[in-house]
There are 2 protein chains.
Amino acid sequence: MTRILLVEDDERIAADIAATLAAQGYIADLEADGEEAWFRGDTEDYAAVILDLGLPGMDGLSILKRRRGNGRNMPVVVLTARGAWSERVEGIDAGADDYLPKPFQMEELIARLRSVLRRHAGQASSLTTIGELSVDERKMRVAVRGVPLNLSSLEYRLITYLVRNRDRVVPQHELIEHVYASDAEPDSNALEVLEGRVRRKIGRDLIETRRGSGYSMKEPEA
Amino acid sequence: MTRILLVEDDERIAADIAATLAAQGYIADLEADGEEAWFRGDTEDYAAVILDLGLPGMDGLSILKRRRGNGRNMPVVVLTARGAWSERVEGIDAGADDYLPKPFQMEELIARLRSVLRRHAGQASSLTTIGELSVDERKMRVAVRGVPLNLSSLEYRLITYLVRNRDRVVPQHELIEHVYASDAEPDSNALEVLEGRVRRKIGRDLIETRRGSGYSMKEPEA
DNA sequence: CGCCCCCTGTCAGCTTGTTGTCAGGTTCAA
DNA sequence: TTGAACCTGACAACAAGCTGACAGGGGGCG
């Protein structure tokens, strides 16, 4: 059975989500208080956690961090207020598995939840290889030619998103949304800088720039 | 035409589903035996699979996993016995695209099937070929005789528009509208220049000029 | 508390690809 | 034959993307 811990203080939103989850066959335990949520997440066994970062009492971030501290390792989908910039990066650092800026579509939430569950429970499928690059999403490991790489969280998110969508061209705005879990800042070449840093680590020619369109992983020709 | 592979051993249910599918315009191939189903799913081409997990002979889960193992990637809607939660979780891991606990309403099944098909269609690698030219809209890649081309975004837009409308002559003003975002510039031979650049890359005789009317892709005679 | 290191955004300058313009040439249809 | 439609190579302006340097902030550790 699939139990989900839902940490959300806004009653209306919480009810919505809970209903949707139920309709999809998940069992949702609702928790509005951060402290309490942390306790429950630590003692009971959930398949995943949906966590709103805008909590009173104890902020979601601390939960995330503490969660990481002990052995437990359930996947976490984080809900953030749109544009809460500082929360984003920190949250990513703290180890969220996926992000969803509010407001969002319920289908979107379900989709992410599914993918997070699948990835987490993942078997052999969590290891993806493209040429000499291998990505193990379960272990959060990226290696080139077998040599493990030291990636920051943003770099890791960039790679995994590209790898997951390796069969198409990912527009930069989409990449930004997923890497930073929110809409882009107006003018900033942050993504390009990140792109460059990643390239320096994994090799210059694995990510292809499609000028005017986006980026895509370059599959080695068979 | 949309063919669905229906893997279900209960004859009554199978007949029900098959009838419903037929009524909705799908063509359903029924298969009661798991082993056999796996074989068919692997050799024939279906738009989707409806799979009952409670199969004798070979359990549905193995089919799912094997399916993921090889290249094939048709969407799968899984039917589970009520409350068979463990199956469900495993199923998710194995890569089912949607679930339906028994008993269910036929409308519900159709709805899920539709949504799964729709979702999947968005990911299909849409590959069009005209003679030696192949256009993969998903990867945004154009190749001639298997050799991938380096096209700018305008060039790419030009080609795809022509390819999409290969069965008619596209007037230049229409081409301009679609290649450039709306408003055409008054007098300028920009399009002709673009046209030339594209031709130089894909081969001089693939695009035919209809003097005074427009352009059209030249289909090789069969 | 203070130090240091890592992460990451900003900035400025640079490189390179893209694209419209133009001038002249070529083709085609009447 | 003639004029309009179309093609082409060259060029210059522009924009997209890349890079190295730098600084602020946070976390870890003594």
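Chain letters run A, B, ... following the sequence lines, proteins first and then strands; every chain starts at 1.
At the phosphate of D/dG17, OP1 or OP2 sits under 4.0 Å from a side-chain N or O atom of A/Q172. In this model, the phosphate group of C/dG17 is not approached by any side-chain N or O of B/S152 to a distance below 4.0 Å at OP1 or OP2. Phosphate proximity of C/dG20 to B/Y180: present, with a side-chain N or O under 4.0 Å from OP1 or OP2. Regarding contacts with the backbone of C/dC7, every side-chain N or O of A/S153 stays at 4.0 angstrom or more from both OP1 and OP2. B/Y215 has no side-chain polar atom (N or O) that falls below the 4.0 Å cut-off from OP1 or OP2 of D/dC6.
Not counting sequence neighbours, the partners of A/S213 by the side-chain contact (heavy atoms from CB on, under 4.5 Å) test are A/V169, A/R210, B/M140, B/S153. Applying the side-chain contact (heavy atoms from CB on, under 4.5 Å) rule to B/N150 yields no partners; only residues at least two apart in sequence or on another chain are considered.
Nucleotide D/dG17 holds its P atom 14 Å from the CG atom of A/L158, rounded to whole Å. Atom P of nucleotide D/dG17 and atom CG of A/L175 are separated by 12 Å, given to the nearest angstrom. Rounded to whole Å, atom P of C/dG20 lies 13 Å from atom CD of B/E195. Per the geometry, CG belonging to B/L194 stands 14 Å off C1' belonging to C/dG17, to the nearest Å. What separates CZ of B/R204 from C1' of D/dT8 is a distance of 9 Å, to the nearest Å. In this entry the distance linking CG of A/N189 with P of D/dG20 reads 13 Å, nearest Å. The distance from atom CD1 of B/I176 to atom P of D/dA5 is 13 Å, rounded to the nearest whole Å. Separating the CZ atom of B/R200 from the P atom of C/dT18 is a distance of 13 Å, rounded to the nearest angstrom.
The ring pair (Phe, Tyr, Trp, His ring centres under 6.0 Å) contacts involving residues 140-160 of chain B comprise nothing, where partners must be two or more places apart or lie in separate chains.
Judged purely by distance below 3.5 Å, without hydrogens or angles, the side chains of A/R157 and A/S152 never pair a donor atom with an acceptor atom.
Backbone-only contact: B/L154 has heavy atoms under 4.0 Å from sugar-phosphate atoms and none from a base. In this structure, B/R199 reaches the sugar-phosphate backbone alone: every heavy-atom distance under 4.0 Å involves primed, P, OP1 or OP2 atoms, never a base.
Looking at every heavy atom in both residues, A/Y46 comes nearest to A/I4 through CD2-C, 3.6 Å. In terms of heavy atoms, B/K201 sits closest to B/L149 at O-CD2, 3.7 Å. Summarising the geometry of A/E208 relative to B/R141, their closest heavy-atom pair is OE2-NH2, 2.7 Å, with the distance given to 0.1 Å. Heavy atoms only, all atoms of each residue included: A/V78 and A/V76 are closest at CG2-CG1, 3.8 Å.
For the contact set between residues 205-214 of chain A and DNA chain D, defined by any heavy atom under 4.0 Å, the members are A/T209, A/R211, A/G212.
Residue A/E192 has its side chain nearest to D/dG17 when only D/dG17, C/dT21, D/dC7 are considered. With C/dG20, C/dA12, D/dG20 as the candidates, the nucleotide lying closest to the side chain of B/A190 is C/dG20.
On a pure distance criterion of 3.5 Å, no polar donor-acceptor pair joins the side chain of A/R197 and the base of D/dG20.
Helix-axis bend for the helix from C/dC1-D/dG30 to C/dA30-D/dT1: the local axis fitted to the five terminal pairs at one end deviates from that at the other end by 30°, rounded to 10°.
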Mind listing the side-chain donor-acceptor pairs of residues 11-22 of chain A below 3.5 Å, one per line with the distance, residues two or more places apart or on another chain?
unit_1	atom_1	unit_2	atom_2	d
A/T20	OG1	A/D16	O	2.9

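For the pair B/R138 and A/D167, the salt-bridge criterion is met [side-chain N within less than 4.0 Å of a carboxylate O].
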